[in-house]
Amino acid sequence: QVQPVESGGGLVQAGGSLRLSCTASGGTFTTYIMGWFRQAPGKAREFVAAITWSGVSTTYADSVKGRFTISRDNAKNTVYLQMNTLTPEDTAVYYCAASAGYRLVKTENEYSYWGQGTQVTVSS
């Protein structure tokens, strides 16, 4: 089974950018759909973006479409989330997750393996 580990979080000013990375150990990385979720203080965890094993297909939450880009490098067992034009509403703990399914999915229960999360804080 794959074990994701996130990195790259931090503090950034509104309008700035950050790139999150998620490196997965164990399992066969290329067989997994990879997704990013986030959880803001006092709110439920929500879907952000997902990418197929090939990297050809992606899907995004409406709130990040046009600002965030998900990508993956299968040679490095790593998935990325490039976040641009950040706003304070993007402040959250960001989680990387892996799904053994065959479709791009946006629901938490479709993802079996989760990282510990990385904090992203956007100051106004």
Side-chain angles (χ1 to χ4, degrees):
Q1 61 187 39
V2 66
Q3 179 57 55
V5 178
E6 305 93 339
S7 62
L11 174 64
V12 63
Q13 289 188 333
S17 298
L18 274 178
R19 188 177 80 158
L20 304 183
S21 300
C22 170
T23 300
S25 60
T28 304
F29 182 71
T30 54
T31 63
Y32 291 92
I33 302 289
M34 298 300 296
W36 286 97
F37 290 75
R38 67 185 182 185
Q39 187 168 21
K43 295 187 177 181
R45 190 155 55 184
E46 63 176 3
F47 171 79
V48 175
I51 188 167
T52 54
W53 68 269
S54 66
V56 170
S57 296
T58 58
T59 188
Y60 297 90
D62 288 343
S63 59
V64 306
K65 202 171 293 184
R67 299 188 300 123
F68 290 12
T69 302
I70 188 171
S71 60
R72 67 192 292 165
D73 184 340
N74 287 337
K76 296 181 178 180
N77 283 7
T78 299
V79 61
Y80 304 98
L81 186 68
Q82 177 67 44
M83 306 185 295
N84 298 328
T85 321
L86 286 161
T87 74
E89 288 69 39
D90 295 314
T91 294
V93 177
Y94 283 72
Y95 297 90
C96 176
S99 169
Y102 297 94
R103 301 176 294 113
L104 284 173
V105 288
K106 301 183 179 183
T107 53
E108 286 188 53
N109 60 9
E110 297 282 355
Y111 291 82
S112 300
Y113 308 105
W114 293 80
Q116 294 298 309
T118 186
Q119 176 71 47
V120 172
T121 303
V122 184
S123 63
S124 57

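These numbers come from a predicted model, not from an experiment.
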**OP:** Return the minimal non-hydrogen interatomic distance between R72 and I51, and the atom names on each side.
**Re:** NH1-O, 3.7 Å
Subject >> Qualifying residue, where the test is side-chain contact (heavy atoms from CB on, under 4.5 Å) with T118 and the options are V5, L20, L18 >> reply: L20
**OP:** Please indicate whether W53 has more than 12 foreign heavy atoms, meaning atoms of other residues, nucleotides or ligands, lying under 6.0 Å from its CH2.
**Re:** no
Original post:
Should V120 and V93 be counted in the same cluster of Ile, Leu, Val, Met, Phe, Trp and Tyr side chains packed under 4.5 Å apart?
Top reply: no
**OP:** State, to 0.1 Å, how close P88 and S123 come at their nearest heavy-atom pair, and which atoms those are.
**Re:** CG-C, 4.5 Å
Subject >> Any donor-acceptor N/O pair, E110 side chain to A100 backbone, under 3.5 Å >> reply: no
Original post:
Can you get from M83 to Y80 by hopping between Ile, Leu, Val, Met, Phe, Trp and Tyr side chains that sit under 4.5 Å apart?
Top reply: no
Original post:
Would you say the side-chain atoms of T107 pair up with the backbone N or O of N109, donor to acceptor, closer than 3.5 Å?
Top reply: no
Subject >> Closest approach of Y94 to R38 (non-hydrogen atoms, all atoms of both residues) >> reply: OH-NH1, 3.0 Å
Original post:
Taking all non-hydrogen atoms of both residues, which atom of P4 and which atom of Y113 are closest, and how far apart?
Top reply: CG-O, 3.9 Å
**OP:** Kindly work out whether a path of hydrophobic side-chain contacts (I/L/V/M/F/W/Y, heavy atoms less than 4.5 Å apart) joins F68 to M34.
**Re:** yes
Original post:
Counting only N and O atoms by type, is there a donor-acceptor contact under 3.5 Å from the side chain of E6 to the main-chain atoms of Q116?
Top reply: yes
Original post:
Looking only at heavy atoms, what is the nearest atom pair of A61 and F47, with distance?
Top reply: CB-O, 3.4 Å
Subject >> Residues in side-chain contact (heavy atoms from CB on, under 4.5 Å) contact with Q82, at least two apart in sequence or another chain >> reply: S17, R19, T69, N84
Original post:
If two hydrophobic side chains count as joined below 4.5 Å and joins carry through other members, does L81 share a cluster with L104?
Top reply: no
**OP:** Please confirm whether the backbone N or O of S57 pairs with a side-chain atom of T52, one donor and one acceptor, at under 3.5 Å?
**Re:** yes
Original post:
Roughly how far, to the nearest 0.5 Å, is the OG atom of S112 from the CD atom of Q1?
Top reply: 9.0 Å
Original post:
Between V48 and V105, is there a shared hydrophobic cluster once you connect ILVMFWY residues whose side-chain heavy atoms come closer than 4.5 Å?
Top reply: no
Subject >> Parallel, tilted or perpendicular, as decided by the 30° and 60° cut-offs, for the rings of F37 and Y111 >> reply: perpendicular
**OP:** Please examine the side chains of R45 and W114, heavy atoms only from C-beta on, and report whether any two atoms are closer than 4.5 Å.
**Re:** yes
Original post:
Shortest non-hydrogen contact from L86 to R67?
Top reply: CA-NH1, 3.9 Å
Original post:
So which of D73, T23, I70, N74 actually passes side-chain contact (heavy atoms from CB on, under 4.5 Å) with V79?
Top reply: I70
